[in-house]
Amino acid sequence: MIPAFTFDEIQAQLALLPNASVLSFQQEILQPEIVLSPEFLQQACAWLKETPGAWFDTLSCLSAVDKINDNTFELVLHLSSIPYQRQLVIKTSQPRADCIVQDPNNKNALPEFPSVSQVWAAAIWHEREAYDLMGFWFTGNPDLRRILMPEDWEGYPLRKDYIPADSYHEVKIKY
């Protein structure tokens, strides 16, 4: 097996990719972390999965974060390399200001991120959950629809500014 890249080598190799946009890199923490621009996410993830020496073959978790105090929405991916027995965190964010949703069916008002489902098929489900509960729109996800909430649910219940309805189909839900 090809020896594993160091995290410094991963950072250096990512920076060499066309249109690379690595915003920050930190490895002096429990799980090393790379912050990327959203436009570079798909390309970086494909490289991290397919390149010998990196081989982050598993998407362990994809989380949507409402950083209301920072006025951003953040996408966090936890990657694992089973062959090299190590983890890596990828983060990217979008400004919150343009994503105040008045009409939950208006995808143009949602924070938009490129789907990584073409890299890891498991991302389809993770992205559906992030869409359903936080309203993150994943361009390129082949099955982006609600997964936990009813199809006609209004809003995104994990957002910090979410105001729950009093009732749903004439059933009182507010307590």
Side-chain angles (χ1 to χ4, degrees), residues 7 10-11 14-15 17 19-49 56 58-80 86-120 122-141 143-150 153-165 173-175:
F7 286 107
I10 289 173
Q11 178 190 15
L14 284 173
L17 295 175
N19 305 313
S21 185
V22 177
L23 305 177
S24 70
F25 177 73
Q26 194 173 8
Q27 65 175 325
E28 297 77 28
I29 51 180
L30 184 60
Q31 291 185 341
E33 167 185 297
I34 300 174
V35 179
L36 307 169
S37 71
E39 299 78 25
F40 185 52
L41 180 66
Q42 247 179 0
Q43 183 183 8
C45 287
W47 185 89
L48 287 164
K49 180 184 180 198
F56 286 94
T58 304
L59 172 66
S60 304
C61 184
L62 181 149
S63 302
V65 182
D66 183 352
K67 298 180 86 172
I68 198 166
N69 294 335
D70 294 339
N71 205 30
T72 59
F73 286 114
E74 185 174 68
L75 182 66
V76 182
L77 290 79
H78 289 263
L79 310 180
S80 296
R86 61 186 182 169
Q87 289 78 42
L88 178 65
V89 174
I90 302 292
K91 292 183 178 181
T92 189
S93 63
Q94 292 283 11
R96 196 175 203 287
D98 299 331
C99 305
I100 305 304
V101 179
Q102 303 301 326
D103 175 6
N105 298 314
N106 178 5
K107 80 170 187 80
N108 295 323
L110 302 178
E112 187 175 344
F113 296 93
S115 174
V116 293
S117 61
Q118 295 83 6
V119 180
W120 299 283
I124 294 171
W125 293 92
H126 290 279
E127 291 171 358
R128 282 181 65 184
E129 183 178 15
Y131 164 69
D132 190 12
L133 299 176
M134 288 287 284
F136 284 23
W137 186 263
F138 292 92
T139 305
N141 183 303
D143 191 19
L144 196 60
R145 58 190 165 98
R146 292 219 185 245
I147 191 171
L148 298 170
M149 305 302 291
W153 193 266
E154 291 187 16
Y156 304 99
L158 290 185
R159 285 194 182 186
K160 292 185 178 170
D161 60 355
Y162 176 71
I163 300 170
I173 56 173
K174 212 166 193 178
Y175 51 91

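Each residue takes its place number in the sequence, starting with 1.
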### Donor-acceptor contact below 3.5 Å, side chain Arg128 vs main chain Ala123
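Pair absent, no side-chain N/O of Arg128 close to backbone of Ala123.
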### Query
Any donor-acceptor pair under 3.5 Å linking the side chain of Arg159 with the backbone of Met134?
yes
Under the side chain to side chain donor-acceptor pair (under 3.5 Å) rule, collect the residues that match up with [X], sequence neighbours excluded.
X     : value
Thr72 : none
Asn69 : none
Ser21 : Ser37
Trp47 : Thr51

Any residue meeting salt bridge (Lys or Arg N to Asp or Glu O under 4.0 Å) with [X], in chain and number order, not counting sequence neighbours:
X      : result
Lys160 : none
Lys91  : Glu33
Glu74  : Lys67

### Query
Strictly by modelled atom types, are His78 and Gln87 linked by a side-chain donor-acceptor pair under 3.5 Å?
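Checked: His78/Gln87 side chains show no N/O donor-acceptor pair below 3.5 Å.
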### Query
Looking at Val116, Val89, Leu48, which hits side-chain contact (heavy atoms from CB on, under 4.5 Å) with Leu79?
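So, applying the side-chain contact (heavy atoms from CB on, under 4.5 Å) to Leu79 and each of Val116, Val89, Leu48, only Leu48 qualifies.
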### Query
Which salt bridge (Lys or Arg N to Asp or Glu O under 4.0 Å) pairs, counting each pair once, include a residue from residues 21-32, with sequence neighbours left out?
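Passing the test, one end in residues 21-32: no pairs.
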### Query
Any side-chain heavy-atom pair from Leu17 and Phe40 closer than 4.5 angstrom?
yes
### Task
Check the pair Glu39 / Asn19 against side chain to side chain contact (heavy atoms under 4.5 Å, CB included), numbers first and verdict last.
CA-CA 9 Å; Glu39 299 78 25; Asn19 305 313; over 6 Å; no
### Task
Decide side chain to side chain contact (heavy atoms under 4.5 Å, CB included) for Leu75 and Ser93; before the verdict, give the C-alpha distance in whole Å, the side-chain angles of both, and the deciding distance to 0.1 Å.
CA-CA 6 Å; Leu75 182 66; Ser93 63; over 6 Å; no
### Summary
Closest non-hydrogen contact found for Gln94 with Pro38 is NE2-CG, 3.6 Å
List in chain and number order the residues that pass side-chain contact (heavy atoms from CB on, under 4.5 Å) with [X], two or more places apart in sequence or in another chain; answer none if no residue qualifies.
X      : result
Ser115 : Ser117, Gln118, Glu127, Phe138, Asn141
Ala46  : Glu50, Val119
Leu148 : Glu129, Asp132, Leu133

### Task
Before giving the answer on side chain to side chain contact (heavy atoms under 4.5 Å, CB included), spell out for Leu36 and Leu23 the whole-Å C-alpha distance, their side-chain angles and the decisive distance to 0.1 Å.
CA-CA 5 Å; Leu36 307 169; Leu23 305 177; 5.8 Å; no
### Separation between CG of Leu77 and CG of Leu41, rounded to the nearest 0.5 Å
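So the gap between those two atoms works out to 6.0 Å.
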### Task
Check the angle between the aromatic planes of Phe7 and Phe56 and answer parallel, tilted or perpendicular using the 30° and 60° thresholds.
tilted
### Message
Run Leu144 and Thr139 through side chain to side chain contact (heavy atoms under 4.5 Å, CB included) and show every step you take.
### Response
CA-CA 9 Å; Leu144 196 60; Thr139 305; over 6 Å; no
### Query
Can you name the residues that form a ring-ring contact (aromatic ring centres under 6.0 Å, His included) with Phe136, not counting sequence neighbours?
Phe73, Phe113
